[in-house]
Amino acid sequence: MVQEGLKLFALYDKLQELFDEGFHIIPSHLMVVKSKELSRVIDSFPDAIDEGIKMAKLILRNKEEMIQDAKNKAERIIQDAQDEKRRILDESALRHEMEEQAKAFREKVLQECENIKMKAFGEAEGIRIASNEEALKMKDGAQAYAQQILGKLEQDLNSLFQVVKNGQQYISELRNVNDETEMYQRNEQQRR
């Protein structure tokens with residue numbers, strides 16, 4: 001899971017590098033970056049997050065295998081104990097005492113297996129919750145960063161739009177001045 005976190009930091013570093021390499025059109029407002037590189041970095045975020053979730057699922061699967069192994073071992077121990085009990089009972093007159101010992105041993109083994117199972121379930125649940133929380137944090141971080149970038153882009157576009165509007169207004173004012181100058185010149189020529 002640490003490896004997936006490192007992948008996300010590497011993607012963040014790549015975004016920072018793209019930003020640093022970008023060409024500023026309007027300083028502090030608008031810049032050009034390599035769109036293919038930016039797209040490739042953005043597309044890599046879901047894969048990095050998915051790797052964390054896959055790792056958590058693998059850990060949970062391993063925990064289930066451990067629980068099954070513990071159950072199998074317990075069943076083998078119980079079976080071995082029962083076989084031993086039968087052998088001893090056939091050879092000994094202390095049948096009742098041996099049955100009590102076997103019963104106590106069986107209960108002890110079952111209790112130990114139950115303890116192992118509960119511990120494994122607890123650890124697996126803790127890992128699952130931690131993995132989900134980490135995946136959500138990574139996802140939230142990626143979304144917040146994307147939102148920040150989009151907000152910055154929106155500001156830059158608004159600034160550029162204002163520059164265009166100002167340019168259009170300036171050209172319109174120049175036309176009006178030119179039109180007025182032409183009309184004045186025509187009127188002056190007609191008066192003469």
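Residue indices begin at 1 and follow the sequence shown.
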Any Lys/Arg nitrogen of Lys103 or Glu100 sitting under 4.0 Å from an Asp/Glu carboxylate oxygen of the other?
no
Carboxylate-amine/guanidinium proximity below 4.0 Å for Glu134 and Lys137:
no
Distance check, rounded to the nearest 0.5 Å: Glu125 atom CD versus Ile129 atom CD1?
4.0 Å
Cluster check Leu157, Ile25: I/L/V/M/F/W/Y, side chain < 4.5 angstrom
no
In Å, rounded to the nearest 0.5 Å, how long is the span from CD of Gln68 to CG of Asn72?
4.5 Å
Can you measure from NZ (Lys108) to SG (Cys113) and round to the nearest 0.5 angstrom?
12.0 Å
Taking Asn115 as the fixed residue, which of Met118, Lys119, Gln111 is the one that meets the side-chain contact (heavy atoms from CB on, under 4.5 Å) rule?
Gln111
Atom CD of Gln79 and atom CD of Glu75: how far apart are they, to the nearest 0.5 Å?
9.5 Å
Can you confirm whether the side chains of Gln162 and Asn158 place a donor and an acceptor under 3.5 Å from each other?
no
Inter-residue atom distance Arg40.CZ - Lys14.NZ, 0.5 Å rounding
6.0 Å
Quick one: do Leu110 and Phe105 end up in the same hydrophobic cluster if we chain Ile, Leu, Val, Met, Phe, Trp and Tyr together by side-chain heavy atoms under 4.5 Å apart?
yes
Heavy-atom count around Lys152 NZ within 6.0 Å, excluding the residue itself: above 12?
yes
Do Ile78 and Gln82 come within less than 4.5 Å of each other through their side chains, counting heavy atoms only?
yes
To the nearest 0.5 Å, what is the distance between CG (Leu150) and CD (Gln155)?
11.5 Å
Within the distance-only criterion (no hydrogens, no angle test), does the side chain of Ser172 pair as donor or acceptor with the backbone N or O of Gln168 below 3.5 angstrom?
no
